[in-house]
2 protein chains.
Amino acid sequence: MSRASAARRATINDVAQAAAVSRQTVSNVLNRPHLVRAQTLERVRLEVERLGYRPSQAAQGMRSQRAGAVGIELNAVHRGASDVAQLFLTELTVAAPRFDVHLVPFADAGTFPAVDGYRDMVRRRLVDAFVLSDTHVGDTRPGWLLDSGIPFAAFGRIYDQPDLTCWADVDGAAGTTQAVEHLHARGYRTVAYLGWPHGQPASAVADARREGWRRTAGSLGTLGPESACEQDLADAALAAGALLDQLQPGDAVVCASDLLALGVVYAASARRWRIGPDLGVVGFDGSLTASRHALTTVQQPLADIAAAVLRRITDQLTGGADDPSGQLLVPTLTPGPSTDRSTATAYIPLPAPEQDHRR
Amino acid sequence: MSRASAARRATINDVAQAAAVSRQTVSNVLNRPHLVRAQTLERVRLEVERLGYRPSQAAQGMRSQRAGAVGIELNAVHRGASDVAQLFLTELTVAAPRFDVHLVPFADAGTFPAVDGYRDMVRRRLVDAFVLSDTHVGDTRPGWLLDSGIPFAAFGRIYDQPDLTCWADVDGAAGTTQAVEHLHARGYRTVAYLGWPHGQPASAVADARREGWRRTAGSLGTLGPESACEQDLADAALAAGALLDQLQPGDAVVCASDLLALGVVYAASARRWRIGPDLGVVGFDGSLTASRHALTTVQQPLADIAAAVLRRITDQLTGGADDPSGQLLVPTLTPGPSTDRSTATAYIPLPAPEQDHRR
DNA sequence: GAGCGGGTTTTGAACGTTCAAATCACGCAG
DNA sequence: CTGCGTGATTTGAACGTTCAAAACCCGCTC
């Protein structure tokens, strides 16, 4: 219970003195062990351990002219319709140590992503680079960062700069393909699609997800009708209702997002269709919404995306091997009760139609 | 379009040279302007602006032996049942610049909050302090941080160290009191309560929220029945069903969280009760769930809590005025359609009981 | 016995900032 | 004219680390 252990932390000199070597030898033990005689190595390592020495980030950053940090803006996240951003941030944070960086989130009180925030972070040398997380058409940030020579990588394609390669994204078509195949394997007959209107929220994403469904269902002969709506629950339930008019029990719906899938669940419940047995529903994103509502969903490989993004950033920083291409990562389908034909799960407790005997 | 502007950023010496003064004068202009002659002040400021100079975080941290950063763990958040954590993180991030700090999130691949992670962050002098964000009974972190002399402050009371004061929390009782008063004003008759079982997730939180309901409804003469369930949607719908058996249209339910409120919505829909006109429902937290499902909710004052937590931390760091007491912040009720008696909102499209004429 | 070379270790310098102390300019009293 | 005080500015030093270069040690060769 040494209450003052934060008083003064060990520096490289403390270790050097304790091990009776010079500071540079201690540095070598940590960074270039092969240069150090085995016996010395051990002695120094012992002292490092004993004193709990870790090099100071500030001093290292000073020497190397690197912050060892990556900035990420939280603004856009704030009132986003999806909760994926939070999961992505967590995965980034988990992956960061593997790339010898840490994250520095920042946000503006205003709603717009202000380039000023980015600029000040680099000027103060608080970060070396940025992760952009919801790129959209007309996004000014990639262009600006590029012009300023500030490294960055994005989760999501960079629409306005098609030649840029510093991004990683989910292969939406592969995702909906899996969804359709899963539904086919489970014996659902026709597979409909509920997506976003063209140009929403980022048309390339919407197009890819829809395309995977269209192509795969087409070749499997299960192509059903489609509809589109905003990323909004009430809107989705409405659109889903119209879509269900064209379906029969035993059919299924693939959705562009988990929220839309929830809308389908609502609309189906209104028709007394049992989710699973009567109607298969697949969402997209692997969001909290999906797990909370027990939906089969196409799970984004967020950990892989986080790693891919950080790799692109560190590659730029070290000037190392430039992996030249943007990367599409394949999501995986997570089956849930919403595509289980044999077991009816009570998604929403429905009104009993008439007197009903259950104990 | 100067593509090389990241090449070399201006240092204090660059500014000094440009303004024909010494580096210390530049430093004084920024930190102690009253020591500098007005004419010099202006000249230096001009150059600072022209060169876009900002002091290097690393160098300042080196000199001051401060990281200027606060750590926050994202682990617990990961698969949490609530999405409040994300909003809180955003508010912390927005507030941080006002306290001259930035945040450094960290996470372990493992599920348990490893004290090791905390220790290494301070040893590397990456952070000066920590924000703890979901304290629970039996949490080992506060005790350990205290013993290690590492400053911290928590969102949520510190249960195992009742004498500790470095926390800020929501006044749960005040929140449910507002909920009950709101329902009373809106003309709902009996007000029931759906909460967490004693000891869940942190009993003090659960107890406070329940107590506000009990006391206020008691004194208003609207006290109804209560029930409890886990923080889980299916469980909530089940418990809510049993609760509704004891209620009549015109009554209302106050819930310990937005998720539970959603469960009530489901159970009520199953009875063909219209949310709002037939049953008032109030959630708690102001989470994404509430806004997405148009629920009246008790909004946590996350911005205030973030500021309070950071203030406590910076007070500890500067050794300044120790605000000695933990702080309970009053939430505000955000009315939504779920407590609107006059307008029926289609929460869930319900099956038409029989042929029904609407255009 | 001086010189060489490779392995190991140490010394000097620098990264950018700010505190503490020294220096400078200047007006004014003795 | 000298000395003093005050306000403005500059110089030296230090924070902790790592690169570059110098120094050291030791066995070996000529």
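Just so we're clear, the structure is a prediction, and the values are computed from it rather than from any experiment. The basis for the numbers below is simple: all heavy atoms, side chains too, and nothing from hydrogens, waters or symmetry mates. Labels below follow one simple rule: chain letters A, B, ... track the order of the sequence lines, proteins then strands, and each chain is numbered from 1.
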Over the length of the helix from C/dG1-D/dC30 to C/dG30-D/dC1, how much do the five-pair end axes diverge, rounded to 10 degrees? 90°
Counting only side-chain N and O atoms of B/S27, is one of them less than 4.0 Å from OP1 or OP2 of C/dT18? yes
Parallel, tilted or perpendicular: rings of A/F106 and A/Y118 (30°, 60°): perpendicular
Got a sec? Which of residues 28-45 of chain A come in under 4.0 Å of DNA chain D, heavy atoms? A/N31, A/R32
Looking at residues at least two apart in the chain, or sitting in another chain, which of them share a side chain to side chain contact (heavy atoms under 4.5 Å, CB included) with A/A18? A/E47, A/R50, A/L51
Which parts of residues 15-24 of chain B get close to DNA chain D, meaning a heavy atom less than 4.0 angstrom away? B/V21, B/S22, B/R23, B/Q24
Using the test side chain to side chain donor-acceptor pair (under 3.5 Å), find all partners of B/T25 that sit at least two apart in sequence or belong to another chain. B/S22
Starting from P on D/dT17, measure out to CG on B/L126 and report it in whole angstrom. 13 Å
Can you name the side chain to side chain contact (heavy atoms under 4.5 Å, CB included) partners of A/Q17, sequence neighbours left out? none
Between atom CD in B/Q65 and atom C1' in D/dA14, what is the gap in whole Å? 10 Å
Can a side chain N or O of A/T11 be found less than 4.0 Å away from OP1 or OP2 on D/dC15? no
List the residues meeting side chain to side chain donor-acceptor pair (under 3.5 Å) with B/N31, not counting sequence neighbours, and say none if there are none. B/S27
Reckon B/T25 touches a base, only the sugar-phosphate, or nothing at all at heavy-atom distances under 4.0 Å? base
Is there a donor-acceptor pair closer than 3.5 Å between any side-chain N or O of B/D160 and the backbone N or O of B/G138? yes
So the salt bridge (Lys or Arg N to Asp or Glu O under 4.0 Å) pairs with at least one residue in residues 14-26 of chain B (sequence neighbours excluded) are B/R8-B/D14
Go through the structure and list residues passing side chain to side chain contact (heavy atoms under 4.5 Å, CB included) with B/L46, not counting sequence neighbours. none
Would you give me the side-chain donor-acceptor pairs under 3.5 Å for residues 38-45 of chain B, sequence neighbours excluded?
residue	atom	partner	partner atom	Å
B/Q39	OE1	B/R37	NH1	3.4
B/R43	NH1	B/A19	O	2.4

Considering just the side-chain nitrogens and oxygens of A/Q60, establish if one lies under 4.0 Å of OP1 or OP2 belonging to D/dG16. no
Taking only distance into account, with no hydrogens and no angle test, what donor-acceptor pairs under 3.5 Å do side-chain atoms of residues 56-70 of chain A form with protein atoms, sequence neighbours excluded?
residue	atom	partner	partner atom	Å
A/S56	OG	A/A58	N	3.2
A/S56	OG	A/A59	N	3.1
A/Q57	OE1	B/R124	NH2	3.0
A/Q57	NE2	A/A67	O	3.1
A/Q60	OE1	B/R124	NH2	2.9
A/S64	OG	A/Q60	O	2.9
A/S64	OG	A/R66	N	3.4
A/R66	NH2	A/L317	O	2.8

By side chain to side chain contact (heavy atoms under 4.5 Å, CB included) - contacts of A/A153 (at least two apart): A/C166, A/V309, A/R312, A/I313
